[in-house]
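Note that the structure is a prediction, hence the values are computed from the model and not measured.
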Amino acid sequence: MKSRRIKLAPSILSADFSRLGEQVAEVTRAGADYIHVDVMDGRFVPNITIGAPVVAALRSWTNLPLDVHLMIERPEAHISRFAEAGANIITVHVEVCQHLHRLVETIKSLGVKAGVALNPATPLSLVDEVLPLLDLVLIMTVNPGFGGQDFIESMVDKIARLRKMLDDKRIKAELEVDGGITTGIAPKVVQAGAEVLVTGAAIFNSKQDAGGALREMRRALDLAG
């Protein structure tokens with residue numbers, strides 16, 4: 001496992017929405033690096049979640065970067081609202097962007113870091129031309145739409161191939177993974193080259209409190225390292 005510092009990004013998709021702010025504060029205190037916010041529109045993925053007002057509400061509960069993942073059609077119509085709401089990173093899906101270069105530049109012009117996500121079946125070649133502009137590349141390790149899914153094992157090779165692309169081109173964009181990340185899977189994706197681990201069910205659906213589950217995830221990575 002490489003010595004790069006691994007960031008943990010709890011996904012609020014699996015949190016208890018009746019006490020969302022409290023749970024975000026809890027994982028903040030426990031050592032989270034980002035708060036991952038999954039935005040779904042029921043069209044690009046078969047689920048509907050939250051919008052910019054929830055992002056704005058979360059801002060008062062944490063000083064961590066809000067890592068906003070837009071799983072929506074026509075993201076260009078909404079990014080300014082999420083930037084105004086307090087998003088620090090906005091990630092869009094290559095599969096829905098007709099003018100990806102333009103959208104990445106627009107995100108960055110709003111003073112927000114820009115990320116691009118790829119679904120499991122989407123080839124890495126589709127982001128090759130924009131890699132130098134990106135702050136983050138997200139590999140989906142499940143088919144997006146719902147929390148609590150099992151990790152797709154073949155994504156380990158895809159993570160490793162993206163790691164090599166970034167290293168060979170000396171691109172500093174963070175390599176993030178999202179989907180099915182447990183204490184058992186986390187060391188494996190880090191070994192392949194992931195730097196930011198999005199984890200939802202393993203943190204918020206654990207038998208222990210969310211803070212304790214996050215610390216357990218960190219211990220699993222430290223032991224593997």
Check: [Y] and [X] side chains under 4.5 Å, non-hydrogen atoms:
X	Y	value
V137	L118	yes
V177	F151	no
F204	V27	yes
D33	L8	yes
L221	L197	yes
E76	V96	no
V54	V37	no
L124	I139	yes

Has R81 got a side-chain atom pairing as donor or acceptor with A52's backbone, closer than 3.5 angstrom?
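Not confirmed, R81 side chain does not pair with A52 backbone.
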Is a side-chain donor or acceptor of N119 paired with a backbone partner of A121 at a separation under 3.5 angstrom?
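It does not hold such a pair.
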Could you report the tightest heavy-atom contact between [X] and [Y], atom names first, then the distance?
X	Y	answer
R215	A30	NH1-CB, 3.5 Å
I203	T199	CG1-CG2, 3.5 Å
D41	E73	OD2-N, 2.7 Å
M140	P144	CE-CB, 3.8 Å
A210	E26	N-OE2, 3.2 Å
S60	A57	OG-O, 3.1 Å

I'd like to know whether Q23 forms a side-chain contact (heavy atoms from CB on, under 4.5 Å) with I12, so could you lay out the CA-CA distance, the side-chain angles of the two residues, the decisive distance to 0.1 Å, and finally the verdict.
CA-CA 9 Å; Q23 291 210 308; I12 66 168; over 6 Å; no
Go through the steps for E176 and H36 under the test side-chain contact (heavy atoms from CB on, under 4.5 Å), then give the verdict.
CA-CA 11 Å; E176 183 175 61; H36 190 81; 4.0 Å; yes
Side chain to side chain donor-acceptor pair (under 3.5 Å) with E195: which of R163, R5, K7?
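That would be R163.
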Can we say [X] and [Y] salt-bridge, meaning some charged N sits less than 4.0 Å from an Asp/Glu carboxylate O?
X	Y	value
E153	K188	yes
E174	K113	no
D157	R161	yes
D135	K108	yes

Would a hydrophobic clustering, with Ile, Leu, Val, Met, Phe, Trp and Tyr connected at side-chain separations under 4.5 Å, put [X] with [Y]?
X	Y	answer
V94	V112	yes
V142	V190	no
L136	L64	no
V198	V189	no
V104	L126	yes

Hey, could you give me the [atom1]/[atom2] distance between [X] and [Y], rounded to the nearest 0.5 Å?
X	Y	atom1	atom2	value
H101	E129	NE2	CD	9.0 Å
I90	H69	CD1	NE2	12.5 Å
T91	I79	OG1	CD1	11.5 Å
T49	F17	OG1	CZ	7.0 Å
I89	I35	CD1	CD1	11.0 Å
L70	M40	CG	CE	11.0 Å

Kindly indicate, with the supporting measurements, whether the criterion side-chain contact (heavy atoms from CB on, under 4.5 Å) is fulfilled by D128 and K169.
CA-CA 10 Å; D128 191 56; K169 296 174 183 288; 3.3 Å; yes
Just do the side-chain contact (heavy atoms from CB on, under 4.5 Å) check on V24 and R59 with the steps written out, would you?
CA-CA 10 Å; V24 166; R59 189 70 283 169; over 6 Å; no
May I ask you to check whether over 12 heavy atoms, not counting those of D150, lie within 6.0 Å of atom CG?
no
Apply the side-chain contact (heavy atoms from CB on, under 4.5 Å) test between V92 and each candidate in I72, I107, T106; give the one that qualifies.
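One option only clears the test, and that one is I107.
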